[in-house]
Every structure is written in C-alpha cells, then in structure tokens.
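Just the heavy atoms: all of them, side chains too, but no hydrogens, waters or symmetry mates, feed the values below.
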Amino acid sequence: MPVNPYYHRCMECRGRPVRIRTKDGRVHHGIVDRVTPTHVYLRPMHRGLGGYGYGWGFGGFGLGFVSGIALGAIAAFSPLFFW
C-alpha cells in the first residue's frame, strides 16, 4: 500500500501549527495532534490573552475538539511559523 506524500510532512509537523487546504477549498488551521496512514488530526487554535494559544483535544489535556482530515483530501499543506 503506497503512503500518501503528505503523510511524512504531517509527521514532521506533529505538535506544530499548520494550515491545510483541502480539495474542496476549505482551509483548516490547527496543531497537528496525531497522524495515521489515512488521516491527520488537528487540535484547534484559539486566540487567548496576550496572543494566539493552543487548543486542547480529547486524549490530551481537557475539553476541546480534534478534527480529522483525510490525507487524500489535502490540496496544500504549510507549517505556520508566525501564527
């Protein structure tokens, strides 16, 4: 089974903020929580006191939502260095 080209890029960015654009035009911002051979899971980023902060996901540190995006649906992937 061939591995999706975005799999390795997502693995390198675990714990970092990223922007993902899907083939249907939607844009997702978040912290890469985990990566499977078929999906990447993002924790939401929210604006906190004094700037942007990290959201929290299930299986992590409290309440929040982790959204899964199919690797096959990704049209563009970019790490965010200055969010």
With heavy-atom distances below 4.5 Å as the criterion, would you say the side chains of V27 and I20 are in contact? no
R34 vs V66 side-chain heavy atoms within contact, under 4.5 Å: yes
Between K23 (side chain only) and G72 (backbone N and O only), is there a donor and an acceptor less than 3.5 Å apart? yes
Would you say Y6's side chain and A73's backbone share a donor-acceptor pair under 3.5 angstrom? no
Intermediate values then yes/no, side chain to side chain contact (heavy atoms under 4.5 Å, CB included), L71 and V40: CA-CA 7 Å; L71 290 176; V40 59; 4.2 Å; yes
Spacing of NE2 belonging to H39 relative to CD1 belonging to I69, to within rounding of 0.5 Å: 9.5 Å
According to side-chain contact (heavy atoms from CB on, under 4.5 Å), who are the partners of S78, at least two apart in sequence or on a separate chain? R19
Under the rule for salt bridge (Lys or Arg N to Asp or Glu O under 4.0 Å), what residues qualify as partners of R26, not counting sequence neighbours? D24
Which heavy atom in C13 sits nearest to a heavy atom in V18, and how many Å separate them? CB-CG1, 3.9 Å
Pairwise distance CG(L80) to CZ(R16) - rounded to 0.5 angstrom: 12.0 Å
Does the side chain of T36 reach to within under 4.5 Å of the side chain of Y7, using non-hydrogen atoms? no
Nearest-0.5 Å distance that lies between atom CG in N4 and atom CD1 in I74: 6.5 Å
Kindly confirm or rule out a cation-pi arrangement of R9 over F77, judged by NZ or CZ under 6.0 Å from the six-membered ring centre and within 45° of its axis? no
